[in-house]
Amino acid sequence: TMTRSACRATTHHTRRRVRRAKKNSACSASAVRLKMDLSEYQRLPDSMTNLEVEKYCFIAFEESSGELALTTLKKLRELADRQWHTYELPSTELQNALINWLIQNGLSHTDQDLESVLVLSYCFGLDKEFFSKALSLYGGKYKNEFQRDIDHSEGKYIDPWWSLRTAQKSSQTDP
């Protein structure tokens, strides 16, 4: 978990980088946009709101044009856990943007990449059809767990919190 002082230090560091970039550049203040590296995503607070996660996802999408798809994928994996812990589905706009990014970037079909796609699909509650297509290509050791996620998700989307509801129902029926 990121402490307030660490968060302030990160914010201070980012502001200092922006001031330095403005000073060293002929660009206007609105044109100055610094890329966040993976370590900055890793230092984001563990607990974020749905809107905060969405904001950083769109920043990662913006930044993806100038970096390897694998780097953006790692940034999105950092955000996936934070999204899951909001206990809310993201906006349809974000879900669609994430699916489009994953399709457009044609990640190799290695089990490692597919596992990342499946984890993102799970944490962001993406379309079950998209999840199923990725799962059909995946041959890794977590295939049964991912299949269970589909089996326990009713409706059109993967339910990232199905196991919490199952555990809650079990505890309510126990004497």
Side-chain angles (χ1 to χ4, degrees), residues 1-2 7 36 38-64 67-175:
T1 329
M2 184 177 231
C7 187
M36 289 178 65
L38 180 59
S39 66
E40 290 173 291
Y41 282 85
Q42 292 167 334
R43 288 191 307 261
L44 288 171
D46 289 339
S47 179
M48 296 172 69
T49 68
N50 209 8
L51 291 175
E52 289 170 328
V53 173
E54 184 168 322
K55 176 183 95 173
Y56 284 104
C57 284
F58 281 107
I59 289 171
F61 295 146
E62 265 182 49
E63 295 173 344
S64 70
E67 65 190 12
L68 295 172
L70 186 58
T71 301
T72 302
L73 190 64
K74 288 177 180 179
K75 290 176 179 180
L76 293 170
R77 285 276 311 244
E78 285 296 323
L79 295 167
D81 185 55
R82 290 160 175 88
Q83 175 60 46
W84 189 90
H85 282 94
T86 67
Y87 304 104
E88 296 176 40
L89 284 175
S91 70
T92 304
E93 179 185 10
L94 177 56
Q95 288 176 319
N96 291 336
L98 182 55
I99 288 172
N100 288 333
W101 186 88
L102 290 168
I103 291 170
Q104 288 174 359
N105 285 280
L107 299 167
S108 68
H109 293 300
T110 65
D111 280 346
Q112 186 177 2
D113 286 351
L114 288 167
E115 191 172 301
S116 291
V117 169
L118 290 163
V119 168
L120 290 170
S121 298
Y122 174 78
C123 291
F124 285 93
L126 298 185
D127 184 272
K128 280 173 41 176
E129 186 177 331
F130 179 78
F131 188 92
S132 294
K133 285 179 185 175
L135 184 57
S136 71
L137 300 170
Y138 177 71
K141 62 183 177 181
Y142 301 110
K143 189 168 184 97
N144 290 336
E145 286 84 350
F146 288 128
Q147 182 61 51
R148 192 174 51 201
D149 294 334
I150 290 175
D151 295 344
H152 286 89
S153 297
E154 296 177 12
K156 184 179 177 186
Y157 300 99
I158 290 294
D159 179 0
W161 307 284
W162 70 264
S163 61
L164 295 178
R165 283 190 264 290
T166 303
Q168 186 179 26
K169 286 179 187 175
S170 296
S171 67
Q172 290 174 348
T173 58
D174 290 342

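We count residues from 1, following the sequence as given. None of these values were measured; they are calculated from a predicted model.
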Participant: Holding to side chain to side chain contact (heavy atoms under 4.5 Å, CB included), I want the full list of residues that pass it with Glu129, two or more places apart in sequence or in another chain.
Facilitator: Asp127, Lys133
Participant: For the pair Tyr122 (side chain) and Pro160 (backbone), establish whether a donor and an acceptor sit closer than 3.5 Å, ignoring hydrogens and angles.
Facilitator: yes
Participant: To the nearest 0.5 Å, what is the distance between CZ (Phe124) and OG (Ser91)?
Facilitator: 10.0 Å
Participant: Parallel under 30°, tilted from 30 to 60°, perpendicular over 60°: which one fits the rings of Phe146 and Tyr138?
Facilitator: perpendicular
Participant: With distance as the sole criterion, is a donor-acceptor pair present between the side chains of Thr72 and Glu67 under 3.5 Å?
Facilitator: yes
Participant: For atom NZ of Lys74, is the number of surrounding heavy atoms from other residues, nucleotides or ligands below 6.0 Å larger than 12?
Facilitator: no
Participant: Check for a donor-acceptor pair, side chain of Lys128 on one end and backbone N or O of Ser153 on the other, with a separation under 3.5 Å.
Facilitator: yes
Participant: How long is the gap from CG on Leu89 to OH on Tyr157, to the nearest 0.5 Å?
Facilitator: 8.5 Å
Participant: Before giving the answer on side-chain contact (heavy atoms from CB on, under 4.5 Å), spell out for Lys55 and Glu52 the whole-Å C-alpha distance, their side-chain angles and the decisive distance to 0.1 Å.
Facilitator: CA-CA 5 Å; Lys55 176 183 95 173; Glu52 289 170 328; 5.6 Å; no
Participant: Side chains of Thr86 and Gln83: donor-acceptor distance under 3.5 Å anywhere?
Facilitator: yes
Participant: Look up atom OG in Ser116 and atom CG in Leu102, then write down how far apart they are to the nearest 0.5 Å.
Facilitator: 9.5 Å
Participant: Determine whether Arg82 and His85 make a side-chain contact, defined as any pair of heavy atoms from C-beta on separated by less than 4.5 Å.
Facilitator: no
Participant: Can you tell me how far the CE atom of Met36 sits from the NZ atom of Lys75, to the nearest 0.5 Å?
Facilitator: 7.5 Å
Participant: From Ser64 OG over to Leu73 CG, what is the distance, rounded to the nearest 0.5 angstrom?
Facilitator: 11.0 Å
Participant: Who passes side chain to side chain contact (heavy atoms under 4.5 Å, CB included) against Gln112, sequence neighbours left out?
Facilitator: Thr110
Participant: Residues two or more places apart in sequence or in another chain: which of them pass side chain to side chain contact (heavy atoms under 4.5 Å, CB included) with Leu51?
Facilitator: Thr49
Participant: Looking at Tyr56 and Tyr41, what are the two nearest heavy atoms and their distance?
Facilitator: O-OH, 3.7 Å
Participant: Any side-chain heavy atom of Phe61 within less than 4.5 Å of one from Leu98?
Facilitator: yes
Participant: Should Tyr142 and Leu118 count as side-chain neighbours, where that means a heavy-atom distance under 4.5 Å?
Facilitator: no
Participant: What's the separation between atom CD in Gln95 and atom CD1 in Ile99, rounded to the nearest 0.5 Å?
Facilitator: 7.0 Å
